[in-house]
There are 2 protein chains.
Amino acid sequence: MARVGLTPERLTQAGAELADEVGFDQVTVSALARRFDVKVASLYSHVKNSQDLRTRIALLALTELADRAADALAGRSGKEALAALANVYRDYAREHPGRYAAAQLRLDPQTAAASAGVRHAQMTRALLRGYDLTEPDQTHAVRLLGSVFHGYVSLEMGGGFSHSAPDTDDTWARILDALDTLLRNWPEPPTDSRG
Amino acid sequence: MARVGLTPERLTQAGAELADEVGFDQVTVSALARRFDVKVASLYSHVKNSQDLRTRIALLALTELADRAADALAGRSGKEALAALANVYRDYAREHPGRYAAAQLRLDPQTAAASAGVRHAQMTRALLRGYDLTEPDQTHAVRLLGSVFHGYVSLEMGGGFSHSAPDTDDTWARILDALDTLLRNWPEPPTDSRG
DNA sequence: AGGATTTGCCTAATACTATTAGGCAGGTGC
DNA sequence: GCACCTGCCTAATAGTATTAGGCAAATCCT
């Protein structure tokens with residue numbers, strides 16, 4: 001019987017491609033075995049189970065995304081860096097919808113801590129050094145940016161903005177403008193005027 | 001054989017409860033049948049299939065969410081309305097994580113158009129009337145708010161903010177402040193200074 | 001009330017996915 | 001050239017999804 005040369009890495013890679021083609025939630029051990037023209041049970045020597053496979057794909061996606069982000073941020077600052085980072089997420093999600101979905105997989109704390117997820121937070125913090133924020137406002141801003149990037153990408157890909165003008169590219173550009181303005185003029189907490 | 005009195009509505013309701021308990025992606029026809037102490041096949045007289053069941057749960061969630069939002073917005077405007085609407089999403093997601101996940105289910109265009117999803121957009125627009133935005137900026141702002149609300153809630157629930165101080169309630173409050181400021185001073189598109 | 005009809009849940013059958021246990025052959029090391 | 005180990009296989013079990021057809025309970029009609 002021909003040995004195909006399965007490895008965890010090849011399975012993860014192929015699983016990521018499969019995810020992009022049919023959706024992350026359709027990534028199944030069976031489908032992956034079919035893709036290698038191999039019996040399903042054969043995969044279990046290389047990945048622990050279905051959950052393990054999905055986790056590996058998620059970690060791959062997080063790493064790819066972090067690599068792209070690092071690349072995009074190199075040599076940029078301020079609004080340029082903001083837009084570059086934002087576009088990394090948006091473009092990656094468009095090119096690799098299944099991987100992007102995988103990156104959203106909830107990881108257990110230890111796996112998450114060892115993942116490229118931490119690089120994402122670090123890079124967002126690095127980007128914010130171009131603005132004048134100190135703790136805890138910097139953390140608030142990290143969370144805001146994460147929310148906007150993820151929320152926008154996820155709604156846009158889910159078709160949430162589809163039916164209406166104006167173009168989503170316009171909106172995206174204006175949102176980046178708005179975020180830049182906001183970060184340059186980060187508001188103090190208002191005193192409650194109702195006193 | 002005792003007739004349990006299955007209806008699409010009861011199945012949908014029970015499916016929503018099940019989703020909140022075990023997660024929307026664990027909502028299965030079999031689990032639902034177990035919950036009614038009924039054979040799996042019996043459900044197929046009431047819902048077309050698994051996808052249909054999930055869609056019904058999604059529509060229920062969208063409706064509940066829209067009802068809460070309408071209630072929260074009544075009699076409020078400006079920042080108070082903004083915070084009220086935002087908190088509806090966040091609180092609903094916390095109380096009903098499975099339903100909230102269901103509300104994110106991608107619906108086909110016709111179903112989406114007939115769903116309570118449109119009310120959400122309308123209410124966000126209504127809220128924005130308290131700020132001074134005209135088209136197309138209003139649409140941009142609708143999309144921004146949707147992105148922030150969904151993104152924040154989704155990251156917070158996914159544990160994305162878990163490990164670190166400051167408290168996520170603080171961040172949430174500051175983000176609402178920031179959005180209010182931003183909407184009251186919505187920036188023009190900057191002219192490209194690179195000429 | 002009692003028969004006819006509809007309706008609701010059931011049994012049975014098929015198919016796909018996930019997972020484990022154990023077998024055999026092909027490549028590797030001496 | 002032999003032994004071993006590794007990699008993919010067969011076989012078996014279990015859970016989920018879905019369809020077809022049956023029987024009894026509820027409903028309707030007189």
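Throughout, a chain's letter reflects where its sequence line sits, starting with A, and its residues are numbered from 1.
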Pairs under 3.5 Å (N/O, protein and nucleotides 15-18 of chain D):
unit_1, atom_1, unit_2, atom_2, d
dT16(D), OP1, Arg34(B), NH2, 3.4
dT16(D), OP2, Arg34(B), NH1, 3.0
dT16(D), O3', Thr28(B), OG1, 2.8
dA17(D), OP1, Thr28(B), OG1, 2.9
dA17(D), OP2, Thr28(B), OG1, 2.5
dA17(D), OP2, Val29(B), N, 2.9
dA17(D), OP2, Ser30(B), N, 3.0
dA17(D), OP2, Ser30(B), OG, 3.2
dT18(D), OP2, Tyr44(B), OH, 3.0
dT18(D), OP2, Ser50(B), N, 2.7

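- By the 4.5 Å heavy-atom criterion applied to side chains, Thr139(B) and Arg125(B) are counted as neighbours.
- Counting only heavy atoms from C-beta outward, the side chains of Thr111(A) and Leu59(A) approach each other to under 4.5 Å.
- If you chain together hydrophobic residues whose side chains sit under 4.5 Å apart, Met157(B) and Leu144(A) fall into the same group.
- Partners of Glu188(B) under the salt bridge (charged side-chain N to carboxylate O under 4.0 Å, His left out) rule, at least two apart in sequence or in another chain, do not exist in this structure.
- Taking only side-chain atoms of Lys39(B), from C-beta outward, the nucleotide of dC9(D), dC10(C), dC8(D) with the closest atom is dC10(C).
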Short heteroatom pairs, N/O only, protein and nucleotides 2-7 of chain C, under 3.5 Å:
unit_1, atom_1, unit_2, atom_2, d
dT7(C), O2, Arg3(B), NH2, 3.2

(message) Only Watson-Crick and G-U wobble pairs with both distances less than 3.5 Å should count. Give DNA chain C in dot-bracket notation, marking inter-strand partners with |.
(response) ||||||||||||||||||||||||||||||

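- Between Phe161(A) and Ser147(B) the shortest heavy-atom distance is CZ-OG, 3.9 Å.
- Here CD of Glu17(B) is found 10.0 Å from CG of Leu32(B). Values are rounded to the nearest 0.5 Å.
- Side-chain heavy atoms closer than 4.5 Å link hydrophobic residues (I, L, V, M, F, W, Y) into clusters, and following such links, even through other members, never connects Leu62(A) to Phe149(A).
- Within the structure, a side-chain polar atom (N or O) of His46(B) is placed less than 4.0 Å from OP1 or OP2 of dC9(C).
- Two different hydrophobic clusters hold Phe24(B) and Val153(B) under the rule that ILVMFWY side chains link at heavy-atom gaps under 4.5 Å.
- Residue Leu179(A) holds its CG atom at 7.5 Å from CG of Leu182(B), rounded to the nearest 0.5 Å.
- Taking a 4.0 Å limit (strictly below) on heavy-atom distances, residues 17-26 of chain B does not reach DNA chain C anywhere.
- Within the structure, salt bridge (Lys or Arg N to Asp or Glu O under 4.0 Å) contacts touching residues 148-160 of chain A (residues at least two apart or in different chains) are Arg90(A)-Glu156(A), Arg94(A)-Glu156(A).
- Between atom CZ of residue Arg68(A) and atom CG of residue Asn87(A) there is a gap of 11.5 Å, rounded to the nearest 0.5 Å.
- Within the model, atoms NE2 of His150(B) and OH of Tyr89(B) stand 11.5 Å from one another, a figure rounded to the nearest 0.5 Å.
- We find that CG of Asp37(A) is positioned 15 Å from C1' of dG7(D), with the value rounded to whole Å.
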